[in-house]
Amino acid sequence: QSLEIEPLKQKIMKLLVKVFVLPFIGILLSSYTPENRTLAPEIIFKNTEGVETKLSSLRGNVVLIDFWASWCGPCRRKHPELVKVYHEMKNHKFQNAKHFEIFSVSLDNNKDRWLKAIQQDRLEWDNHVSDLKGWQSEVVRTYAIRGIPRNVVLNEKGEVIAQNLFGDRLRDFLLEL
């Protein structure tokens with residue numbers, strides 16, 4: 001009977017980590033202060049061409065991590081203003097960063113719909129990634145995503161400096177950097 005208890009203990013421990021530890025990490029991520037910034041957790045997913053792409057490859061730039069999905073109406077409605085901000089800011093001269101980049105992370109589970117939405121919404125930047133696991137994606141837990149659209153702004157060091165800024169608020173924030 002004790003042999004059956006050990007696998008049960010392991011399952012309980014894994015569940016406790018998922019339920020309590022991972023969300024706590026997300027809370028820590030969202031509760032930074034300018035003096036004690038949090039380095040954004042790495043994201044390594046395949047891009048639209050199937051090539052593994054790392055968030056950390058964009059260090060040296062101001063980066064907006066944009067969490068969205070093709071089936072998300074509010075996300076799709078925000079895309080025109082995001083495209084506008086991208087065009088205004090992509091060549092902006094930042095004090096400590098080279099450029100402004102967008103790292104779009106899709107919570108889709110259908111590649112065709114994801115690719116079609118990128119084209120339809122004219123999301124022209126290079127960095128579109130997804131693991132095509134939808135809400136089961138590890139990034140949902142790592143970044144404590146409870147709803148989309150959601151975004152995180154990183155400085156040139158890859159540190160979180162803002163979250164959930166859209167449209168004019170995003171543009172104004174970027175202009176201050």
Side-chain angles (χ1 to χ4, degrees), residues 22 25-26 28-32 34 36-70 72 75-76 78-79 81-145 148-166 170-171 173-177:
L22 292 176
I25 291 170
L28 288 177
L29 174 66
S30 65
S31 62
Y32 67 90
N36 187 22
R37 293 186 175 143
T38 303
L39 191 64
E42 180 68 279
I43 300 172
I44 306 172
F45 286 160
K46 290 185 179 176
N47 67 14
T48 58
E49 303 294 321
V51 176
E52 202 170 76
T53 305
K54 294 181 178 184
L55 172 62
S56 61
S57 71
L58 297 177
R59 292 248 173 92
N61 298 295
V62 173
V63 177
L64 176 79
I65 307 172
D66 178 41
F67 298 99
W68 73 288
S70 66
C72 171
C75 301
R76 305 286 301 273
K78 288 196 177 293
H79 279 161
E81 64 186 25
L82 183 57
V83 169
K84 186 177 178 185
V85 169
Y86 174 71
H87 283 288
E88 292 175 14
M89 300 305 299
K90 67 180 179 179
N91 294 318
H92 181 74
K93 303 294 181 205
F94 293 97
Q95 187 173 2
N96 296 315
K98 294 181 250 178
H99 302 287
F100 173 64
E101 297 284 349
I102 298 176
F103 193 80
S104 286
V105 180
S106 171
L107 297 184
D108 275 286
N109 54 20
N110 181 301
K111 186 173 183 177
D112 292 333
R113 289 188 196 138
W114 171 44
L115 297 177
K116 186 175 180 182
I118 292 169
Q119 283 187 321
Q120 287 176 336
D121 295 358
R122 296 189 169 115
L123 308 181
E124 301 172 7
W125 45 90
D126 296 329
N127 301 292
H128 295 277
V129 300
S130 183
D131 62 0
L132 298 173
K133 293 181 180 177
W135 286 104
Q136 302 308 310
S137 176
E138 194 62 37
V139 77
V140 170
R141 284 182 289 286
T142 303
Y143 279 82
I145 299 170
I148 52 175
R150 173 139 190 265
N151 66 41
V152 177
V153 181
L154 309 180
N155 66 12
E156 73 283 354
K157 297 175 189 171
E159 299 167 331
V160 175
I161 56 173
Q163 295 188 53
N164 296 322
L165 299 177
F166 299 94
L170 174 61
R171 179 186 305 99
F173 180 81
L174 294 173
L175 288 170
E176 295 295 320
L177 299 178

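Because the structure is predicted, anything quoted here is derived from the model rather than measured.
- Taking CG of Asn47 as the start and CD of Glu49 as the end, the distance is 6.0 Å to the nearest 0.5 Å.
- The local environment of CD in Glu81 is crowded, with over 12 non-hydrogen atoms from other residues, nucleotides or ligands closer than 6.0 Å.
- Looking at Leu82 and Leu170, their side chains come closer than 4.5 Å, going by heavy atoms from C-beta outward.
- We find the OG-CD1 distance between Ser56 and Ile44 to be 6.5 Å, quoted to the nearest 0.5 Å.
- Rounding to the nearest 0.5 Å gives a distance of 9.0 Å between CD1 of Ile65 and CG of Asn151.
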Item to complete: Please report the C-alpha distance between Val105 and Val139 in whole Å, then the side-chain angles of each, then the deciding distance to 0.1 Å, and finally whether the side-chain contact (heavy atoms from CB on, under 4.5 Å) criterion is met.
Response: CA-CA 9 Å; Val105 180; Val139 77; 4.1 Å; yes
Item to complete: Check the pair Phe67 / Val152 against side-chain contact (heavy atoms from CB on, under 4.5 Å), numbers first and verdict last.
Response: CA-CA 9 Å; Phe67 298 99; Val152 177; 4.1 Å; yes
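- Taking the side chain as every heavy atom from C-beta outward, Thr48 and Trp114 approach each other to under 4.5 Å.
- In this structure, the side chains of Asn164 and Arg150 come closer than 4.5 Å at one or more pairs of heavy atoms.
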Practice prompt. Applying ring-ring contact (aromatic ring centres under 6.0 Å, His included), run through Trp68 and His79 and close with a yes or a no.
Written response: CA-CA 10 Å; Trp68 73 288; His79 279 161; 4.8 Å; yes
Discussion item. Run the side-chain contact (heavy atoms from CB on, under 4.5 Å) test on Arg171 and Leu175 for me, step by step, so that the C-alpha distance in whole Å, both residues' side-chain angles and the decisive distance to 0.1 Å come before the verdict.
Written reply: CA-CA 6 Å; Arg171 179 186 305 99; Leu175 288 170; 4.0 Å; yes
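- Aromatic ring pairs are classed by plane angle as parallel below 30°, tilted from 30° to 60° and perpendicular above 60°; the pair His92 and Phe94 is perpendicular.
- Closest non-hydrogen pair, Leu154 versus Ala40, comes out as CD2-CB, 3.5 Å.
- Side-chain contact between Leu174 and Val85 is present, with heavy atoms from C-beta onward closer than 4.5 Å.
- Between the side chain of Ser130 and the main chain of Ser106, a donor-acceptor pair closer than 3.5 Å is present.
- Panel note: side chain His99, backbone Val63; no donor-acceptor pair is recorded below 3.5 Å.
- For the pair Phe173/Ile161, a side-chain contact is recorded, criterion being any heavy-atom separation below 4.5 Å from C-beta on.
- A distance of 8.0 Å separates CZ of Phe45 from CD of Glu138, quoted to the nearest 0.5 Å.
- Between Phe166 and Pro149, the closest side-chain pair of non-hydrogen atoms falls below 4.5 Å.
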Fill in: Residue pair Asp131, Ser137: steps toward the side chain to side chain donor-acceptor pair (under 3.5 Å) verdict
CA-CA 7 Å; Asp131 62 0; Ser137 176; 2.9 Å; yes
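- Contact of the Leu58 side chain with the Asn127 side chain is registered, since non-hydrogen atoms from C-beta on lie closer than 4.5 Å.
- Here the closest non-hydrogen pair linking Tyr143 and Pro41 is OH-O, 2.5 Å.
- Between Lys98 and Glu156 there is no salt bridge, since no side-chain nitrogen of the basic residue lies less than 4.0 Å from a carboxylate oxygen of the acidic one.
- Between atom CD1 of residue Ile102 and atom NZ of residue Lys90 there is a gap of 10.5 Å, rounded to the nearest 0.5 Å.
- Arg59 places a side-chain N or O within donor-acceptor distance of the main-chain N or O of Lys157, the cut-off being under 3.5 Å.
- When atom types are taken as modelled, the side chain of Glu42 and the backbone of Leu55 share a donor-acceptor pair closer than 3.5 angstrom.
- Note that CZ of Phe103 is 11.5 Å distant from CG of Asp66, once rounded to the nearest 0.5 Å.
- Looking only at side-chain heavy atoms (C-beta outward), Trp135 and Ile145 come within less than 4.5 Å of each other.
- Counting only distance, with no hydrogens or angles, the side chain of Thr53 and the backbone of Val51 share a donor-acceptor pair below 3.5 Å.
- Asp121 pairs with exactly one of Arg113, Lys116, Lys78, Arg76 by the salt bridge (charged side-chain N to carboxylate O under 4.0 Å, His left out) rule, that one being Arg76.
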Practice prompt. Decide yes or no on side-chain contact (heavy atoms from CB on, under 4.5 Å) for Val83 and Trp125, but give the supporting numbers first.
Written response: CA-CA 9 Å; Val83 169; Trp125 45 90; 4.0 Å; yes
